Number of protein chains: 2
Amino acid sequence: MSEMRTGQSGSQRPRKERKTNADMRRRQLVEATLSSIVRHGLARTTLATVAREAGLSQGVAVFYFETKQGLLTAALREIYRRYEANWMAALDAAGPRAEDRLLALLDADFRPEVCSRDALAVWYAFWGELKTTETYAEIAADFDARRFDALRGICRELVSGDADAGELAEWLDTFCDGYWQKLYLFPSAHGPEDGRRALRGLLARLLPDRGAFAARD
Amino acid sequence: MSEMRTGQSGSQRPRKERKTNADMRRRQLVEATLSSIVRHGLARTTLATVAREAGLSQGVAVFYFETKQGLLTAALREIYRRYEANWMAALDAAGPRAEDRLLALLDADFRPEVCSRDALAVWYAFWGELKTTETYAEIAADFDARRFDALRGICRELVSGDADAGELAEWLDTFCDGYWQKLYLFPSAHGPEDGRRALRGLLARLLPDRGAFAARD
DNA sequence: AGGAATTGTTTGAGCGTTCATTCAAACTTT
DNA sequence: AAAGTTTGAATGAACGCTCAAACAATTCCT
């Protein structure tokens, strides 16, 4: 009964430590990248600023991500992952009624986790280079599709006719994107709370027959 | 009767030729900057790419703009100037009726002159660095304020109550910003024409009592 | 179990490149 | 001749990436 071939699962801790360490380092570096983008902007984010932020050497960033571009791509993927986790969690927490699910999904866009000033700085920094970095566009399209499908699905429960539901979903999605721009460009004039309020007002207008969105007034 | 102090206006053409030349060069360099941003992105736009695009030497760009940053700032101001000229011209061309003026102002946002794929690439490239370049934010706030005032003014003619008018103006402004984002991120799924159509649909919903916006169904 | 060998990780100096800016000299217009 | 304009080589700083060497964890061998 000697030891097995360190293969699948039986062994005690054959390489687990190293794998764990690698994942931890990658997370640490991605986190440092996001911090650096917030602090210095994407244009002035270098391997040096990331390494300094992470408390590591420049070399280790290249070791785990091959290239600076790989690190940036991982960072963009990460914020989209967080964004998706945010609205999915909001949907899970919402009740079964379509009105509640719609509000949950849209409200999620105005949680500081995804639209704080720092978060917006990162979003727009990456979008600014979307046209010159093919991968960014693919990531954006991938994540956006899932959210829009969810949104349209809910709208279909609220209005009759697929065309009208799609139209409504497009309006609401557009509103969210547009309000993010306000939050980003003019943060002193618009906060997430204002966004939620404006959203409710718009919903009350667009779906007047649904009492759930009726304005106080 | 010796020569005067080259001062105000009396002299025949004391420096006029040179001034004209300087303005022409500045325009040429700003144009080349915008082209370079479209072609290479803002991050890879250098004095060399701008000079090559303009058919001039690098030195002349510095001569007229002192610094690369000065050149970029001038380019941003230029696209905002064009944007403003676009919606102001649309307003001037529209009739006196508030419905027509509203549609003219909003439709102007979907003219290729300001929202073509190339134009959007420039907009988002600059916005991406807004948080790290104070001047960009000032320029954006300056131009945005004038447009929003115009929009709100028209909305006040259409709905009673300043609060409701302001709310409507915010919704519509947000819609325009949001749709630009769709045009930019997913140009294969959304074109300016779709934006105009969606806008009309939204207007018909938000202002149902105004026949001018009634949907054809 | 204990020490050597192997494999994985981290460092930071160094390389080649690119970039913004400078500037003396050449060229043009007044 | 004077003033204005344009050039492009030179400068120095910053950057992404490489790599040999150092360090650490794990495995192998007895």
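Chain letters run A, B, ... following the sequence lines, proteins first, then strands; residues in each count from 1. Just so you know, these numbers come straight off a predicted model, no measurement behind them.
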- Item | Centroid separation B:Trp180 to B:Phe175 less than 6.0 Å |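 No, the ring centres sit 6.0 Å or more apart.
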In residues 65-72 of chain A, what donor-acceptor pairs under 3.5 Å come from side-chain atoms, sequence neighbours left out?
from: A:Thr67; atom 1: OG1; to: A:Gln69; atom 2: N; distance (Å): 3.4
from: A:Lys68; atom 1: NZ; to: A:Thr45; atom 2: O; distance (Å): 3.0
from: A:Gln69; atom 1: OE1; to: A:Tyr136; atom 2: OH; distance (Å): 3.0

- Name the one of B:Asp23, B:Thr33, B:Leu56 that satisfies side-chain contact (heavy atoms from CB on, under 4.5 Å) with B:Gln28?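 When side-chain contact (heavy atoms from CB on, under 4.5 Å) is applied between B:Gln28 and each of B:Asp23, B:Thr33, B:Leu56, only B:Leu56 qualifies.
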- Item | Flag for A:Asp109-A:Tyr83: side-chain donor and acceptor within less than 3.5 Å |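 Result is yes, a qualifying pair exists.
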- Message: On DNA chain D, compare the nucleotides closest to A:Val62 and A:Thr49; which residue's is nearer the 5' end?
- Response: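 In this pair, the answer is A:Thr49.
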- Item | From B:Cys155 atom SG to B:Leu105 atom CG, the distance as rounded to the nearest 0.5 Å |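 The SG atom of B:Cys155 sits 8.5 Å away from the CG atom of B:Leu105.
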- Mind listing the residues from residues 67-74 of chain B sitting with a heavy atom below 4.0 Å of DNA chain C? Number order is fine.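 Contacting residues: B:Thr67, B:Lys68.
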- Task: Kindly indicate, with the supporting measurements, whether the criterion salt bridge (Lys or Arg N to Asp or Glu O under 4.0 Å) is fulfilled by B:Glu53 and B:Arg39.
- Result: CA-CA 10 Å; B:Glu53 199 90 33; B:Arg39 198 189 305 274; 2.6 Å; yes
- Passes salt bridge (Lys or Arg N to Asp or Glu O under 4.0 Å), A:Glu31 versus A:Arg82? Steps please. CA-CA 12 Å; A:Glu31 196 56 52; A:Arg82 289 183 198 175; 2.8 Å; yes
Which whole-number value in Å describes the distance from [X] [atom1] to [N] [atom2]?
X: A:Arg44; N: C:dT18; atom1: CZ; atom2: C1'; result: 18 Å
X: A:Leu29; N: C:dT9; atom1: CG; atom2: P; result: 13 Å
X: B:Met24; N: C:dT29; atom1: CE; atom2: P; result: 11 Å
X: B:Arg52; N: C:dA20; atom1: CZ; atom2: P; result: 11 Å

- Item | Lys/Arg cation over aromatic B:Phe143: B:Arg146, 6.0 Å, 45° cone |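 Yes, a cation-pi geometry.
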Could you list, one pair per line, each protein nitrogen or oxygen that sits under 3.5 Å from a nitrogen or oxygen of nucleotides 6-12 of chain D, together with the distance?
from: D:dT6; atom 1: OP1; to: B:Arg25; atom 2: NE; distance (Å): 2.7
from: D:dT6; atom 1: OP1; to: B:Arg25; atom 2: NH2; distance (Å): 3.0
from: D:dT6; atom 1: OP2; to: B:Tyr64; atom 2: OH; distance (Å): 2.6
from: D:dT7; atom 1: OP2; to: B:Ser57; atom 2: N; distance (Å): 3.0
from: D:dT7; atom 1: OP2; to: B:Ser57; atom 2: OG; distance (Å): 3.0

